[in-house]
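Right, one structure below, let's go through it.
Chain A is the first sequence line, chain B the second, and so forth, proteins listed ahead of strands; every chain is numbered from 1.
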Number of protein chains: 4
Amino acid sequence: MPNKQEVQATVKNEELIRIRREQMIKGAVSLFKEKGFHRATTREIAHASGFSIGTLYEYIRKKEDILYLVCDQIYDEVQWRLRGRLQYRRVTAETLKKGIAAYFKIMDEMQDEVLVMYQEAKSLSKEALPHVLNKELEMVEIFVDMIRAFVRSEGLDVPETAVRLAAHNIVVQGQMWAFRRWALRKQYTLEEYTELQTRFLLNALCPDPPKKG
Amino acid sequence: MPNKQEVQATVKNEELIRIRREQMIKGAVSLFKEKGFHRATTREIAHASGFSIGTLYEYIRKKEDILYLVCDQIYDEVQWRLRGRLQYRRVTAETLKKGIAAYFKIMDEMQDEVLVMYQEAKSLSKEALPHVLNKELEMVEIFVDMIRAFVRSEGLDVPETAVRLAAHNIVVQGQMWAFRRWALRKQYTLEEYTELQTRFLLNALCPDPPKKG
Amino acid sequence: MPNKQEVQATVKNEELIRIRREQMIKGAVSLFKEKGFHRATTREIAHASGFSIGTLYEYIRKKEDILYLVCDQIYDEVQWRLRGRLQYRRVTAETLKKGIAAYFKIMDEMQDEVLVMYQEAKSLSKEALPHVLNKELEMVEIFVDMIRAFVRSEGLDVPETAVRLAAHNIVVQGQMWAFRRWALRKQYTLEEYTELQTRFLLNALCPDPPKKG
Amino acid sequence: MPNKQEVQATVKNEELIRIRREQMIKGAVSLFKEKGFHRATTREIAHASGFSIGTLYEYIRKKEDILYLVCDQIYDEVQWRLRGRLQYRRVTAETLKKGIAAYFKIMDEMQDEVLVMYQEAKSLSKEALPHVLNKELEMVEIFVDMIRAFVRSEGLDVPETAVRLAAHNIVVQGQMWAFRRWALRKQYTLEEYTELQTRFLLNALCPDPPKKG
DNA sequence: AATGAATGAGGATTCATTCAT
DNA sequence: CATGAATGAATCCTCATTCAT
């Protein structure tokens with residue numbers, strides 16, 4: 001995973017870097033949740049991470065590096081969890097349902113992190129942003145693959161563009177569960193939300209619902 | 001419009017307040033687009049608005065007030081434009097299509113503003129946020145009404161929860177066109193995007209596509 | 001005097017800039033004397049200048065600007081004083097003596113400032129240094145002119161290179177009175193120092209001392 | 001050489017101290033040349049010296065100790081080289097010429113070091129400065145001795161004060177070749193410079209040039 | 001003896017806000 | 001009403017120094 005190497009550390013011990021950054025990301029996320037990236041001071045971040053400001057700067061170069069590490073880590077975490085729950089051979093409607101449910105579940109579990117990322121990503125530098133956007137695309141690709149497999153195995157006639165857009169929709173709807181919780185939570189449980197969105201998707205893909213058989 | 005009164009001004013002349021705030025919002029939006037709320041200084045905002053920092057503070061109390069005025073104004077603008085293009089009696093699939101297209105078009109036209117709002121709204125104060133979220137709900141309600149009318153007039157059997165979620169989806173998909181333009185623009189024109197999303201929605205609402213008649 | 005414009009100020013009022021910078025230079029010089037440029041903090045400089053740190057930064061961009069202003073000002077002051085005391089038509093040995101004496105006197109009066117400049121000039125930026133070195137050359141040129149006039153009027157045979165070096169020597173000997181005071185003061189009064197150095201110079205220029213007549 | 005003992009080391013092994021400090025001085029000088037004492041960090045100095053920051057502090061107590069060691073060493077080096085090239089019994093004009101030439105040559109060879117010392121000596125502590133100034137006086141004394149011997153052997157009538165000042169002048173003119181190289185190098189080679197300054201000196205000392213005899 | 005991770009005081013700079021003119 | 005100079009708290013970041021390994 002070479003991407004994290006891009007953030008320069010003064011400390012040499014690689015293992016220590018891993019440990020400290022883990023602490024840092026944890027501390028930072030909890031702070032960012034509370035007050036956002038800009039309002040969280042580096043001192044606060046250091047403190048929340050369990051070490052001094054001096055030590056913080058042994059593991060990063062600029063405050064912004066922390067944001068990058070946080071975003072990067074959240075994506076990795078989401079993908080790691082998702083791939084762990086996404087074991088399939090053939091993709092049926094059931095598989096798709098389970099996939100979406102798994103993803104939404106993760107978004108629900110990581111609500112705060114997701115929120116942080118969506119609100120703060122814009123503060124990333126011109127160099128860091130593409131890396132993060134790329135990870136977002138990887139997420140989309142996971143669902144593109146699934147839907148494509150589904151479409152094929154069901155013998156549906158869905159153009160590639162529709163497949164991709166459907167994948168984008170799924171990804172966004174997962175995030176939406178996090179960033180619109182103020183509205184959605186009042187009306188839906190996660191299960192209801194998942195159920196409805198999945199049905200919408202399946203209807204959209206196969207307007208004549210595949211008769212079993 | 002009592003909500004804008006909540007931002008206190010030192011100046012008394014109401015008309016002048018209107019004028020200056022208009023200038024201010026214009027200047028602020030263009031700055032926020034470029035560097036975000038936090039990185040834009042009050043001096044810069046005053047300058048971009050065409051007056052001095054002293055004058056700026058005659059019309060607001062705190063920097064955050066500007067953000068509130070900006071967000072508020074963007075929502076008003078979106079709604080105003082949308083309602084202007086949304087004249088309907090009965091709601092057919094065609095009406096719905098046109099409504100969605102109109103909304104997406106507005107999101108496309110106001111891309112920068114929408115982006116600003118989505119990225120900066122979290123910086124609003126605890127007092128201001130509800131106002132803005134309420135405006136967001138008003139947007140949802142517009143589509144709830146439309147979809148409900150459509151469902152009724154088509155005699156479809158769609159539960160209220162599904163109607164509301166569909167409305168949320170539309171609203172989010174409009175915003176998505178703005179905040180995911182980095183990915184979507186590469187693959188879709190606004191027309192293609194609108195066409196696909198609309199088809200998805202209609203399929204979702206009436207899996208047995210309404211036989212003409 | 002366009003050179004001071006090179007240091008950007010936020011404040012617009014030119015007259016105010018003049019006044020504040022004068023205060024600033026005064027405060028800075030007295031601090032620099034005491035602890036040198038690097039050890040003087042911007043806060044201390046602001047305080048010594050009679051205003052707040054915020055105000056200080058309304059009149060400069062970086063700490064280094066202060067050093068530039070200080071050096072620039074010292075040279076101007078030295079030259080201004082020197083030219084004021086250097087009114088001559090023909091240049092005789094007497095004129096030269098008086099010129100040197102005047103210059104050494106100024107160096108004596110401005111000992112602290114001269115010391116500051118000599119010790120801190122190296123901290124000037126790559127852009128500022130040439131300006132300051134140029135002023136140093138102007139000083140040399142003053143004595144080049146004088147010596148050249150003297151040599152001519154005495155009908156001496158001194159090559160240009162010797163003239164220039166003699167001028168450099170005078171300039172350096174003046175500074176030397178400031179930066180070697182720890183050693184020289186113990187043995188010479190300013191008058192003795194001036195007398196000796198002048199005699200050295202005149203002997204050097206006209207080894208056969210001009211017979212009266 | 002008891003003076004170096006004044007800088008305390010944690011390490012006991014005297015030979016090791018010698019070796020490490022030699023490395024240190026070498027590394028430090030090259031760094032100081034480049035960025036000056038204040039801008040060179042202890043980490044950089046350690047690195048340039050070929051060991052770790054921890055090790056650096058085994059051989060000194062404070063950063064400033066390094067500066068003292070450097071200055072001290074430069075003076076020792078200069079004196080050592082100079083005395084090595086200064087073997088004389090009787091002092092004739094020729095001897096003096098050669099002595100000055102040797103000294104200027106050394107100043108030329110050690111330009112960077114000389115510069116470093118002149119610009120940074122002021123950062124020495126109150127305790128260290130006198131030691132260094134004393135070494136400077138030793139340099140002066142070398143030339144005082146020479147000139148005195150010359151004056152005597154030539155039967156000249158030059159008062160002691162003039163002798164001392166002439167010695168100061170020589171020392172400063174050597175340094176001047178280093179710290180004014182930006183101006184002098186454009187006009188003189190070292191040989192020309194030496195030739196001119198020597199002639200000035202001799203003329204100054206014996207206005208009636210000693211008729212050979 | 002050597003190392004390098006940890007520390008935190010300290011320093012430069014910014015910027016929201018005020019207020020006299 | 002408009003202006004813009006003044007303010008100083010707040011913030012990012014550096015770096016000399018220490019000390020456990």
Are A/His131 and A/Glu6 close enough, and set up right, to give a side-chain hydrogen bond (donor to acceptor under 3.5 Å, both in side chains), and what steps lead you there?
CA-CA 11 Å; A/His131 285 275; A/Glu6 290 155 24; 3.3 Å; yes
Would you mind reading off the distance between [X] atom [atom1] and [N] atom [atom2], rounded to a whole angstrom?
X: D/His38; N: E/dA12; atom1: NE2; atom2: P; answer: 11 Å
X: D/Leu31; N: F/dC15; atom1: CG; atom2: C1'; answer: 14 Å
X: A/Lys35; N: F/dT11; atom1: NZ; atom2: C1'; answer: 12 Å
X: A/Met24; N: E/dA6; atom1: CE; atom2: P; answer: 13 Å
X: A/Ile60; N: E/dA5; atom1: CD1; atom2: C1'; answer: 16 Å
X: C/Lys63; N: F/dT14; atom1: NZ; atom2: C1'; answer: 13 Å
X: C/Gln8; N: E/dT14; atom1: CD; atom2: P; answer: 13 Å
X: C/Glu58; N: E/dT13; atom1: CD; atom2: P; answer: 14 Å

Just to be sure I understand the rule, does [X] reach a base, reach only the sugar-phosphate, or reach nothing, if contact means heavy atoms closer than 4.0 Å?
X: A/Ala40; answer: sugar-phosphate
X: B/Thr42; answer: base
X: A/Arg39; answer: nothing

Are there more than 12 heavy atoms of other residues, nucleotides or ligands under 6.0 Å from atom NE2 of D/His47?
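Not buried by this count: 12 neighbours or fewer within 6.0 Å.
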Taking everything shown except C/Lys122 itself, do over 12 heavy atoms lie less than 6.0 Å from its NZ?
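More than 12 within 6.0 Å, yes.
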Whether D/Phe51 and D/Tyr59 hold their rings parallel, tilted or perpendicular, with breakpoints at 30° and 60°
tilted
Closer to the 5' end of DNA chain F via nearest nucleotide, is it C/Leu16 or A/Arg61?
C/Leu16
For B/Asn13 and A/Phe37, find the nucleotide of DNA chain F closest to each by heavy atoms; which residue's nucleotide sits nearer the 5' end?
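First, find each residue's nearest nucleotide; the 5'-ward one identifies B/Asn13.
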Does a nitrogen or oxygen in the side chain of B/Lys62 sit under 4.0 Å from OP1 or OP2 of E/dT17?
yes
Quick one: is F/dC1 close enough that its OP1 or OP2 comes under 4.0 Å of any side-chain N or O from B/Lys12?
no
Among E/dT17, E/dG11, E/dA5, which nucleotide has an atom closest to any side-chain atom of C/Thr41?
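Of the candidates, E/dG11 comes closest.
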I want to verify a distance call: between E/dT17, E/dA12, E/dA6, whose nearest atom is closest to the A/Tyr59 side chain?
E/dA6
Residue whose nearest DNA chain E nucleotide is more 5′ - A/Val11 or C/Glu64
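Going by which nucleotide is closer to the 5' end, it is A/Val11.
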Any donor-acceptor pair under 3.5 Å joining the side chain of C/Arg43 to the base of E/dT13?
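Looking at the base of E/dT13, it does pair with a donor or acceptor on the side chain of C/Arg43 (distance under 3.5 Å).
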Tell me if a side-chain donor or acceptor on D/Glu64 pairs with a main-chain N or O of D/Ser125 at a distance below 3.5 Å.
yes
For DNA chain F, which consecutive runs of 3 or more Watson-Crick or G-U pairs (each distance under 3.5 Å) count as stems?
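Output for stems: E:2-21 with F:2-21.
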Looking at D/Glu22 and D/Arg18, is any side-chain nitrogen of the basic one under 4.0 Å from a carboxylate oxygen of the acidic one?
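Looking at D/Glu22 together with D/Arg18, the answer is yes, because their closest N to O distance falls below 4.0 Å.
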Charged N to carboxylate O below 4.0 Å: is that the case for B/Arg20 and B/Glu58?
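Salt bridge: no.
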Not counting sequence neighbours, which residues clear ring pair (Phe, Tyr, Trp, His ring centres under 6.0 Å) with D/Tyr57? List them please.
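Counting only residues at least two positions away or on another chain, D/Tyr57 forms no ring pair (Phe, Tyr, Trp, His ring centres under 6.0 Å).
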Can you list, by residue number, the residues of residues 45-57 of chain A that have a non-hydrogen atom closer than 4.0 angstrom to DNA chain E?
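Result for residues 45-57 of chain A: A/Phe51, A/Ser52, A/Ile53, A/Gly54, A/Thr55, sorted by number.
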Do the side chains of D/Met117 and D/Phe32 get nearer than 4.5 Å, heavy atoms only?
no
Distance check, rounded to the nearest 0.5 Å: A/Lys33 atom NZ versus A/Gln119 atom CD?
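Answer rounded to 0.5 Å: 12.5 Å.
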